[in-house]
Amino acid sequence: MKVYKNFIDESVLRILNSEIDAYLDPDKAPNGSRCWAASHVQWQPSLVDDISGSCLSATPSPLVRVKVQVPLLKVLPKANNININYHYWLPHSGINWHDDGGNIFGATLYLNEWKKEWGGTFLWEDKEGDMRGISPSPGTLVVNETCELHCVTQISTRAPYPRRSLQIWGKN
């Protein structure tokens, strides 16, 4: 895993979070409130086994994709196809251990303030078999180029708001 602290500046974070806020408003969201998909419907069953909460995902607008893709291309491995989604992590959501198989890379850009006491910790097993972890902080980018096993611990009901991230995958 590669971790880039303060990868995106606050102005871009504001744009990303503003778009998520707009998507949450059925009057402003593209296609009404139907722009969101739930993890239990969209993800492979093994990823949400024993996880009771849902993570919502939505596709950023083309303008936002361009705004964020330019800095990402400087650090991400080359890929013919890049898929970008917002993830809006509700209470009890999380994702089981997996390796992003079939992708050249997987990356996460954290969008909002977060405390480790609220869950949502990104854990991974490094090449030596040691477990590592990071608590989300806005603007931090984590890139998985080697398909290391990783997961996200479940979000606590004590979290005062959902965890927000931008998920990026590269394929050929």
Given the rule in the side chain to side chain contact (heavy atoms under 4.5 Å, CB included) test, do Asn144 and Phe105 qualify, once you have shown the distances and angles that lead to the verdict? CA-CA 5 Å; Asn144 181 9; Phe105 67 84; over 6 Å; no
All pairs passing side-chain hydrogen bond (donor to acceptor under 3.5 Å, both in side chains) where residues 104-120 contributes a residue, at least two apart: Thr108-Gln167
For Asp21, what residues pass the salt bridge (charged side-chain N to carboxylate O under 4.0 Å, His left out) criterion, not counting sequence neighbours? Arg164
Tell me, please, which residues at least two apart from Ile104 pass side chain to side chain contact (heavy atoms under 4.5 Å, CB included). Pro77, Ala79, Asn172
All side chain to side chain contact (heavy atoms under 4.5 Å, CB included) counterparts of Asp50, not counting sequence neighbours: none
Val41: which other cluster members, linking ILVMFWY side chains closer than 4.5 Å, directly or transitively? none
Spacing of CG belonging to Asn83 relative to OG1 belonging to Thr59, to within rounding of 0.5 Å: 7.0 Å
ILVMFWY cluster, Val12 and Tyr4 together (side-chain gap under 4.5 Å): yes
Take the angle between the ring planes of Tyr23 and Trp36 and call it parallel below 30°, perpendicular above 60°, tilted in between. perpendicular
Could you work out, with side-chain hydrogen bond (donor to acceptor under 3.5 Å, both in side chains) as the rule, every residue matching Thr121, not counting sequence neighbours? none
Nonpolar side-chain network containing Leu149, other nodes, edges under 4.5 Å: Trp97, Leu123, Met131
Would Thr140 and Val3 count as a side chain to side chain contact (heavy atoms under 4.5 Å, CB included) if you check the C-alpha gap in whole Å, the side-chain angles of each, and the deciding distance to 0.1 Å? CA-CA 7 Å; Thr140 296; Val3 178; 3.9 Å; yes
For Leu90 and Pro162, the nearest pair of non-hydrogen atoms, with its separation, is CD2-CG, 4.0 Å
Please round to the nearest 0.5 Å and tell me the distance separating atom CG of Leu109 and atom CD1 of Ile84. 9.5 Å
To the nearest 0.5 Å, atom CD1 of Ile15 lies from atom CD1 of Ile8 at 10.0 Å
Does Ile51 offer a backbone N or O that forms a donor-acceptor pair with the side chain of His40 under 3.5 Å? yes
With Ser52 via side-chain hydrogen bond (donor to acceptor under 3.5 Å, both in side chains) - residues at least two apart: none
Do any pairs count as a ring-ring contact (aromatic ring centres under 6.0 Å, His included) and have a residue in residues 58-84, sequence neighbours left out, and if so which ones? none
Once side chain to side chain contact (heavy atoms under 4.5 Å, CB included) is applied, do any residues pair with Pro91, and if so which ones, sequence neighbours excluded? Thr157
Quick check on side-chain hydrogen bond (donor to acceptor under 3.5 Å, both in side chains): which of Ser54, Ser39, Ser57, Ser165 does Trp89 satisfy it with? Ser165
Name all residues meeting the side-chain hydrogen bond (donor to acceptor under 3.5 Å, both in side chains) criterion together with His98; count only those two or more places apart in sequence or in a different chain, and write none if there are none. Asp100, His150
List for me each residue that meets side-chain hydrogen bond (donor to acceptor under 3.5 Å, both in side chains) alongside Ser46, sequence neighbours excluded, and say none if there are none. none
CZ-CD distance between Arg132 and Glu148, expressed to the nearest 0.5 angstrom: 9.0 Å
Membership question, hydrophobic clusters at under 4.5 Å side-chain separation (ILVMFWY): are Leu72 and Ile82 in the same one? yes
Distance col, row Leu47:CG vs Gln42:CD, nearest 0.5 angstrom, shows 11.0 Å
Would you check if the side chain of Asn17 reaches a backbone N or O of Leu13 as a donor-acceptor pair within less than 3.5 Å? yes
